[in-house]
Every structure is written in C-alpha cells, then in structure tokens.
Amino acid sequence: MNIQDQKHLNLQSDKSTGSLSNQDDDVTFIKESSVKNLLNWTDCVDAMESALVAISNTSQKSDSEPFSSQTPRTFTFAGNKGVLLTMPGYASNYTLNSVTGSDKKHSTLSCKLVTSFSGNSQLNPAIPGILGTILLFNSDTGKLKAIVDGTEITAWRTAAVSVVATKYLYCDMNLKNLDGNIVGKELAIVGCGTQGRIHALAMLNYFPNVFIKVKLWNRSLNRAEKLKKELNALFPEIIIVIADSSILCVAGADCVVTATNSSQPLFELKDLKENVHINAIGAGTNHHSELAMDIYQSSSVYIESYIGLETELKGIKEYVNGEVGEIVAGKKFLHKIENSKNVTVFQSMGNAIEDGVMANMIYQKFMKN
Ligand SMILES: NC(=O)C1=CN([C@@H]2O[C@H](COP(=O)(O)OP(=O)(O)OC[C@H]3O[C@@H](n4cnc5c(N)ncnc54)[C@H](O)[C@@H]3O)[C@@H](O)[C@H]2O)C=CC1
Ligand SMILES: O=C([O-])C1=[NH+]CCC1
C-alpha cells in the first residue's frame with residue numbers, strides 16, 4: 001500500500017483486541033505535492049495574520065475573540081546530527097478570511113513534529129534540512145482527523161509571517177497603502193537556502209512595485225547563483241546582484257532577511273543604513289546569533305510569542321518590545337527608540353499556532369476540491 005497516493009487512511013479497528021474503533025471515520029492524509037498545489041501568498045499571509053493575533057491572546061476573555069494556548073516546544077537531540085522538535089498548540093475563534101470568509105471562525109488543535117538536520121544539504125541528492133509533519137485533531141473530541149505534510153508549510157509559513165512583520169513593523173514606508181507606484185527599495189537576502197529563497201519569493205510576490213533591487217549573499221557562491229538565476233527569470237524588471245560578503249549585502253538595503261545557520265553575527269549596527277527592517281530567521285547556537293548584540297540593543301524588536309522568549313530567546317529578553325500580533329491587533333503602537341537609527345527587527349523562531357492554522361487552511365482547501 002502506498003500511503004503517499006492515498007487521500008484517506010481508514011484506521012480500522014483491531015477486531016482481535018478491540019483496541020481501536022475508528023471504522024466510521026477517515027484520517028485525511030495530505031501529501032507534500034498536494035500541499036504545494038494549495039499554497040499561495042494571499043491565503044498564507046492572511047492566515048498568518050490571524051495566527052499572530054491568536055498567539056498574542058492567551059487568556060480567553062470571550063467566546064468570539066481569537067485565542068490560543070500552547071506550551072514551549074520540546075527539543076530531542078539525535079546525537080550531534082540533528083534535533084526533533086514537538087510543537088503542540090490550540091487556536092480558537094480565528095478566521096481564514098481569504099479561504100472561508102470572515103464569518104466562519106475556526107478552532108484547531110494540532111501538533112507539528114519537525115526535524116532539523118543541517119547536514120542534509122550535503123547528501124547526494126540533497127534533502128531539506130527541515131522536515132515536518134503536522135497532526136490535526138478534532139478540537140471537540142481530540143480525535144485525529146488529518147496528517148498534513150509540514151515541510152513546505154514550514155517554509156511558506158515562516159516567510160508569510162515575515163511578510164506580516166514587514167507590513168506592520170517597517171516604519172519607512174506605509175506598505176498597506178501602496179498606490180501602485182514603484183517605491184524603489186532594496187532587499188537583502190543573507191543566506192540563500194530554503195528560507196532565503198522562499199523569503200525572496202514571498203517579499204517580491206506580496207509587495208509588488210516595492211523593491212527595485214535584490215542583493216544576495218550565501219557562504220557558498222553556487223546557492224546564491226542558483227537563486228539569482230531563478231529570480232532573474234521570475235522578476236526580469238528587478239536588478240538581482242550577488243554580494244561578496246554579508247556586510248556588503250546589507251549595506252544600503254532597506255529590508256533585510258537573514259536565514260543561515262550562523263552562530264556568529266553576520267553584520268553589526270554600523271553596517272546598516274537608517275530605517276531598516278530586519279527579519280532574522282536562522283538559528284545557529286541559538287535563534288538570535290545572526291545579528292550583533294548592538295542591533296538588538298538599539299532597535300525596536302518584536303517576536304511571535306512571549307512563550308518562546310522565556311525558553312529560547314533569553315539572551316535578548318530585555319530588548320524585546322512586544323509580539324507582532326499585539327501590533328496587528330492594535331493593542332500596542334510600534335515602539336520608537338529615541339536617537340537611534342530607527343531599525344526594526346522581527347526575531348522569528350517559528351510557532352506551533354502558525355503551523356496549526358496553516359495546516360487547517362490547507363485542510364479546508366483540500367476538502368473543498
Ligand atoms: N524562524 C523559523 O521559523 C525557522 C527558522 N529556520 C532556521 O533557518 C535557518 C535556515 O534554514 P533553511 O533555509 O531551511 O536551511 P538550508 O540548509 O536550506 O540553508 C541554510 C543556509 O545557511 C548557510 N549557512 C550555514 N551555515 C552558515 C554559517 N555558519 N555562516 C553563514 N551561512 C551559513 C548555508 O550556506 C545555507 O545557504 C536554519 O537555521 C533553520 O533552523 C528554519 C525554519 C523555520
Ligand atoms: O518553527 C520551526 O518549525 C522551526 N524553527 C527552527 C527549526 C524549525
């Protein structure tokens with residue numbers, strides 16, 4: 001039986017033991033190629049905006065407000081080769097406007113299992129370093145209802161969350177009220193692996209007419225060259241250049257994405273121009289090792305969830321100004337640092353609620369088809 005080719009997995013009861021009685025219900029399996037076919041930036045960004053608002057409301061005050069609960073994710077190390085993360089979460093009363101309309105409220109109980117094996121890119125053939133599976137449960141009964149491939153979802157949701165952060169935190173330009181004119185900004189992509197590539201695609205697709213130039217840097221040149229070729233074909237009107245260093249990549253940039261495994265800072269505050277927005281994605285020794293400490297010290301810093309702050313972002317705790325969802329929901333205004341370069345940082349980590357909301361969005365679209 002080829003599990004990949006099945007739409008539904010019927011979990012039959014074991015009649016000899018009677019241990020499992022699921023005959024009437026199917027568990028839907030959504031494989032990676034089906035997930036890919038159902039992804040687009042409008043739906044993903046819309047879903048992640050809802051997820052971020054739910055993340056920021058952790059105490060249920062009414063039956064209609066978006067709300068979420070989650071525990072810190074766990075890390076199980078497989079020697080020094082890689083790690084398995086478990087990411088459980090519950091999100092309630094959130095909407096998927098572009099998929100099911102603004103009247104329908106969703107509740108999702110989920111758990112993502114995701115592995116991170118940085119050596120996978122050296123395999124022949126290479127496989128992604130980050131591989132995920134998302135379990136979706138019926139949130140009234142707790143019964144498993146779907147198994148959704150989570151590899152592509154992890155890539156897209158991370159970039160979609162950065163798009164939301166850029167939309168709300170980037171102070172130099174009101175990206176929400178673009179009038180179709182070319183804005184003439186520069187985008188820097190530091191690290192051209194899976195995340196660097198998907199971030200470039202997300203930014204250029206979701207913010208058309210904003211960027212006239214993209215600068216790429218990667219530790220090994222071939223990955224930067226491969227991405228340059230892809231972007232040239234997709235966006236012939238945009239100038240794509242490869243920078244010789246991470247510092248030269250961010251010099252003069254308006255918006256920066258860092259997506260490497262670096263444990264050392266890739267640039268400092270002095271390397272940046274004023275009013276820059278940074279989406280810091282990668283994780284080296286920890287999730288805040290790509291940027292020099294002087295950037296965190298003098299920037300407005302936002303994260304996805306305070307839960308992650310306590311467990312994984314202790315080193316920058318004192319510099320964090322809030323959660324992105326608090327800004328999206330209008331609960332907080334963007335914090336300005338006096339006499340600073342006016343830099344904003346979105347320190348990404350990834351969050352279980354984002355995965356659950358994305359998996360449900362894919363599930364809703366899959367069941368409609
Ligand atoms: N914030 C989030 O939600 C997520 C974060 N990540 C993290 O983002 C990072 C990138 O992930 P992927 O793009 O999937 O991995 P990838 O393996 O596809 O790309 C990693 C890139 O980092 C570069 N790199 C590796 N070590 C480096 C170093 N010491 N200095 C400079 N560059 C280096 C490689 O050349 C490669 O281009 C990882 O650290 C991963 O854990 C991944 C998924 C979600
Ligand atoms: O949120 C996520 O899925 C991950 N964050 C770092 C590695 C995978």
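Side chains included, hydrogens not; waters and symmetry mates left out as well; all remaining heavy atoms used. Counting starts at 1 for both ligands and their atoms, in listed order.
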Chemist: Below the 3.5 angstrom mark, is there an N/O of Lys112, backbone or side chain, next to an N/O of ligand 2?
Modeler: yes

Chemist: Relative to the heavy atoms of Gly350, which atoms of ligand 2 are at a distance of less than 4.0 Å?
Modeler: 1 (O)

Chemist: Nearest to atom 27 (C) of ligand 1 by heavy atom, Gln264, Glu304, Met349, Arg219: which?
Modeler: Arg219

Chemist: Quick one: do the Lys112 and Thr154 side chains pair a donor with an acceptor below 3.5 Å?
Modeler: yes

Chemist: For Tyr306 and Glu326, test the side chains for any donor-to-acceptor distance below 3.5 angstrom and give the result as yes or no.
Modeler: yes

Chemist: Which protein non-hydrogen atom lies closest to atom 5 (N) of ligand 2, naming both residue and atom, and how far is it?
Modeler: Met349 O, 3.2 Å

Chemist: Does Ala259 come within less than 4.0 Å of ligand 1, judged by its heavy atoms?
Modeler: yes

Chemist: Looking only at N/O atoms, are Ser116 and ligand 2 under 3.5 Å apart anywhere?
Modeler: no

Chemist: Check whether the side chains of Ser98 and Asp43 place a donor and an acceptor atom closer than 3.5 Å, and report yes or no.
Modeler: yes

Chemist: Quiz question: by atom type and distance under 3.5 Å, do the side chains of His106 and Thr95 form a donor-acceptor pair?
Modeler: no

Chemist: Among all protein non-hydrogen atoms, which one is nearest to atom 32 (N) of ligand 1, and what is the separation to 0.1 Å?
Modeler: Thr260 CB, 3.5 Å

Chemist: Report, in ascending order of atom number, the atoms of ligand 1 lying under 4.0 Å from any heavy atom of Ser348.
Modeler: 1 (N), 2 (C), 3 (O)

Chemist: Under a 3.5 Å cutoff, is there a donor and acceptor pairing between the side chains of Thr166 and Asn279?
Modeler: yes

Chemist: Does any N or O of ligand 2 fall below 3.5 Å from an N or O anywhere on Leu85, backbone included?
Modeler: no

Chemist: If we only count N/O pairs under 3.5 Å, is Arg73 in contact with ligand 2?
Modeler: yes

Chemist: Do any nitrogen or oxygen atoms of Gly196 lie less than 3.5 angstrom from nitrogen or oxygen atoms of ligand 1?
Modeler: no

Chemist: Do any N/O atoms on Gly350 end up under 3.5 angstrom from N/O atoms on ligand 1?
Modeler: yes

Chemist: Report yes or no: do Tyr170 and Asn275 form a side-chain donor-acceptor pair below 3.5 Å?
Modeler: no

Chemist: Using heavy atoms and a threshold below 4.0 Å, how should the contact between Arg223 and ligand 1 be classified: side chain, backbone, both, or neither?
Modeler: side chain

Chemist: Give the residue, atom name and distance (to 0.1 Å) of the protein heavy atom nearest atom 7 (C) of ligand 2.
Modeler: Ile130 CD1, 3.7 Å

Chemist: Strictly by modelled atom types, are Gln70 and Asn351 linked by a side-chain donor-acceptor pair under 3.5 Å?
Modeler: yes

Chemist: Are side-chain N/O atoms of Tyr296 and Glu318 paired as donor and acceptor at under 3.5 Å?
Modeler: no

Chemist: Considering only heavy atoms, which of Leu266, Asp355, Thr194 lies nearest to atom 14 (O) of ligand 1?
Modeler: Thr194

Chemist: With a 4.0 Å cut-off on heavy atoms, does Arg157 reach ligand 2?
Modeler: yes

Chemist: What atoms of ligand 1 come within less than 4.0 Å of a heavy atom belonging to Asn218?
Modeler: 35 (O), 36 (C), 37 (O)

Chemist: Backbone or side chain, does any N or O of Ser220 fall under 3.5 Å from an N or O of ligand 1?
Modeler: no

Chemist: Look at the aromatic rings of Phe75 and Phe77 and report parallel, tilted or perpendicular, splitting at 30° and 60°.
Modeler: parallel

Chemist: Would you mind listing which atoms of ligand 2 come within a distance below 4.0 Å of any non-hydrogen atom of His287?
Modeler: 6 (C)

Chemist: Which bit of Asn261 is near ligand 1, meaning a heavy atom under 4.0 Å away: side chain, backbone, both or neither?
Modeler: both

Chemist: Heavy atom under 4.0 Å from ligand 1: found in Ile281's side chain, backbone, both, or neither?
Modeler: both

Chemist: Which of the numbered atoms in ligand 2 are below 4.0 angstrom from a heavy atom of Thr154?
Modeler: 3 (O)

Chemist: Pairing donors with acceptors under 3.5 angstrom, does anything connect the side chains of Glu290 and Ser262?
Modeler: no

Chemist: Hey, is Gly129 one of the residues with a heavy atom under 4.0 angstrom from ligand 1?
Modeler: no

Chemist: Return yes if a side-chain donor-acceptor contact under 3.5 Å exists between Ser340 and Asn342, otherwise no.
Modeler: no

Chemist: Quick one: look at Arg157 and ligand 1, take heavy-atom pairs under 4.0 Å, and tell me if it's side chain, backbone, both or neither.
Modeler: side chain

Chemist: Which atom pair, heavy atoms only, marks the closest approach of Leu39 to Glu152?
Modeler: CD1-CG, 3.7 Å

Chemist: Would you say the side chains of Ser107 and Ser139 form a donor-acceptor pair under 3.5 Å?
Modeler: no

Chemist: Relative to the ring of Tyr90, is the ring of Phe67 parallel (under 30°), tilted (30 to 60°) or perpendicular (over 60°)?
Modeler: perpendicular

Chemist: Which ligand 1 atoms, with their elements, are less than 4.0 angstrom from a heavy-atom of Gly193?
Modeler: 13 (O), 18 (O), 19 (O), 37 (O)

